[in-house]
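Here the structure is laid out as structure tokens; the discussion comes afterwards.
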There are 2 protein chains.
Amino acid sequence: MINDSTSRPLQYRYLYEVLRRQITQGEFKAGDLLPSEKDLYLQYKLTKPTIRQALSLLVQDGYIRKHQGKGSIVKPLPLGLGVMSIVGRLVDTATVETDEPADHAQQIISTQVLVPPHLSDFPANILFIPPEDDLKNQFYYLERLRSVNGEPVFFEKLILPSQHLPGLADLSFENRSLFELLRTVYNIVVQGGEQKLLATTATEPLARLLGVPQTSPVLRLDKRVDTNNNDFSYYSSLYARTDHFLLHGRF
Amino acid sequence: MINDSTSRPLQYRYLYEVLRRQITQGEFKAGDLLPSEKDLYLQYKLTKPTIRQALSLLVQDGYIRKHQGKGSIVKPLPLGLGVMSIVGRLVDTATVETDEPADHAQQIISTQVLVPPHLSDFPANILFIPPEDDLKNQFYYLERLRSVNGEPVFFEKLILPSQHLPGLADLSFENRSLFELLRTVYNIVVQGGEQKLLATTATEPLARLLGVPQTSPVLRLDKRVDTNNNDFSYYSSLYARTDHFLLHGRF
DNA sequence: TTCTCTAACTTGTTATAACAAGTTGTTGTT
DNA sequence: AACAACAACTTGTTATAACAAGTTAGAGAA
């Protein structure tokens, strides 16, 4: 039952995907004006409500900004992708550099899967608990360590409901965004969720993984992510060192 | 030029405010079904696009969840309000409590204004810098300390562009949400923004403010918040202790 | 009683239409 | 040359309409 809503193509979603791809692949660059609603009508033969719905999605996802009387302006792409992405940290919190630091310098993000996806019960020590009914089911559990330019930056646990994801264990998580995978392969899109944030100190195994002293402060971010499928939510727990890099997000 | 768009009442926004008030004031409780689109049509004499636009706003702001064929379901209210709110922390991160902890227990959030709003240049040590043009203007700067049940939890610096906010210094910031105030008094609504997150250790003055030892980890959250007014963005820098409470957000 | 199917709800998608309102460049006047 | 007014764009708001699709409860058959 993959992609069961492709039966009727959902035109506004189709247009969204087209424009989104054009933006992410650089066909439209930050600051550019998207074709006007009228142009899109002429090009795609879709009517105003449909086009507006597609553009609304792009606004919601932070790809464009609309300006009455002017047009739809493409926003700069989020750097890493995901709800929160990483950014090179300003040299010293006590001083603000006037000239932009090398935020946009080449950041090679690599992902190392420490524990490959396998079936398990819902793990302990997660700040969210699924509803009782879901606890009976099994979950895919995996752990990965993400590095920027070879330096470990954050350690992440992912817990996904298994019954909606046939064949997940076969797919590569290495260099693909989880969001991308869920949307394109399983037709599941993120619609919202909850997150809990706190600052702790690195415990021994974590400190070794991230390569920081045991006492250093570490950011912890737990999430429950809800999707268009009402009984599909996944969970993640993330530990990040933020001495050289910090978490960056749009909302 | 306050509330200049009240000239034409913007019916979908009006309906949004009505429903939103009914939800926040408990007239509709979590789990309730909102009146159907048809009922709203009968009651308010607004047509489907208008009603749907109002409901979409409520969805976007996390007040309701829509379910095709069923209706619009009221979601539980966010606890504190703001982009991120506070929540009582689970007793120990090493153990997950099966029974819900007292998250929803009475939390009396009080706000103490340490530095009342006054005109100043854009301060140093903020992780966001306004565009050069805006730096020429003056800003309202204020500092406040927010406590839960009398215990200091986070310290916040707020920087607001002064030219759009006549008479701001006269308004009380004490027990009113900044969002609420901007929306109702100045007709400015938050549309998005950026945030940067990191974990640090408390320095001496901060440690004293929050009542924590100097070495304890502290969460820092800097934001640039964009609004419907294109040249109105405000900035905030927040330091939170997360040993007894943690930050909680919806997205 | 239990099950199945249907009718009557609900929201979702798309089309057409008319006017309001913000932006920008151009035209024409001073 | 500077300015004002306008025309031609843009998106925003609201109305009307028809059909698709998910949900639910009740009627009727087994």
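Note that the structure is predicted; figures quoted are calculated from it, not measured.
Annotation: the span from B:Gln138 atom CD to B:Leu160 atom CG amounts to 13.5 Å, rounded to 0.5 Å.
For A:Thr50, the side chain to side chain contact (heavy atoms under 4.5 Å, CB included) test picks out A:Gln11, A:Tyr12, A:Leu46, A:Thr47, with sequence neighbours left out. Partners of B:Val59 by side chain to side chain contact (heavy atoms under 4.5 Å, CB included), not counting sequence neighbours, listed by chain and number: B:Ile64, B:Lys66. Applying the ring-ring contact (aromatic ring centres under 6.0 Å, His included) criterion to B:Tyr16, with sequence neighbours excluded, gives no partner residue. Residues satisfying the ring-ring contact (aromatic ring centres under 6.0 Å, His included) test with A:Phe122, not counting sequence neighbours, are A:Phe139, A:Tyr235.
With C:dT13, D:dT13, C:dT10 as the choices, the nucleotide that has an atom nearest any side-chain atom of B:Gln53 turns out to be D:dT13. The B:Lys70 side chain lies nearest to D:dT23 when the options are D:dT13, C:dA15, D:dT23. Of all nucleotides listed (D:dG12, C:dT13, D:dT13), D:dT13 comes nearest to the side chain of B:Leu10. Between C:dT13, D:dA15, D:dT10, one nucleotide has an atom nearer to the side chain of A:Tyr12 than all others, and that is C:dT13. Minimum atom distance to the side chain of A:Lys66 is reached by D:dT11, of the listed D:dT11, D:dT10, C:dT13. Of the candidate nucleotides C:dA15, D:dT13, C:dG12, C:dA15 has the atom lying nearest to any side-chain atom of A:Thr47. Comparing atom distances between the B:His67 side chain and each of C:dT23, D:dT23, D:dT14 picks out D:dT23 as nearest. Here the nucleotide nearest the side chain of B:Ser36, chosen from C:dT11, D:dT14, C:dT13, is C:dT11.
Taking the nucleotide of DNA chain C with the nearest heavy atom to each of A:Gln68 and A:Pro49, the more 5' of the two is matched to A:Pro49.
Spacing between atom CD1 of B:Ile51 and atom P of D:dT16 amounts to 11 Å, rounded to whole angstrom units. Between the P atom of D:dT14 and the CG atom of B:Leu40 lies a distance of 15 Å, rounded to the nearest Å. D:dA8 atom P lies 12 Å from atom NZ of A:Lys38, rounded to whole Å. Between the CD atom of B:Gln11 and the C1' atom of D:dT13 there is a distance of 9 Å, given to the nearest Å. Atom CG in A:Leu55 sits roughly 8 Å away from atom P in D:dT11 (whole-Å rounding). Rounded to whole Å, the distance from OH on B:Tyr41 to P on C:dT10 is 14 Å. As rounded to whole Å, 11 Å separates atom P of C:dC9 from atom CG of B:Asp39. Protein atom CG of B:Leu15 is 16 Å distant from nucleotide atom C1' of D:dA15, rounded to whole Å.
Here B:Arg52 reaches the OP1 or OP2 of C:dG12: one of its side-chain N or O atoms lies under 4.0 Å away. Between B:Thr50 and D:dA15 there is a side-chain N or O to OP1 or OP2 distance below 4.0 Å.
For B:Lys48 against C:dT11, no side-chain N or O and base N or O form a donor-acceptor pair under 3.5 Å.
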Compile the donor-acceptor pairs under 3.5 Å between side chains in residues 32-40 of chain A and protein atoms, sequence neighbours left out, one pair per line.
| from | atom 1 | to | atom 2 | distance (Å) |
| --- | --- | --- | --- | --- |
| A:Asp32 | OD2 | A:Lys29 | N | 2.8 |
| A:Ser36 | OG | A:Lys38 | N | 3.4 |
| A:Ser36 | OG | A:Asp39 | N | 3.2 |
| A:Glu37 | OE2 | A:Arg52 | NE | 3.3 |

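A distance-only check finds a donor-acceptor pair linking the side chain of B:Lys196 to the backbone of B:Leu127 [under 3.5 Å].
Under the 4.0 Å criterion applied to side-chain N and carboxylate O atoms, A:Lys157 and A:Glu143 are not assigned as salt-bridge partners.
Fit an axis to the five pairs at each end of the helix from C:dT1-D:dA30 to C:dT30-D:dA1 and the two axes sit 0° apart, to the nearest 10 degrees.
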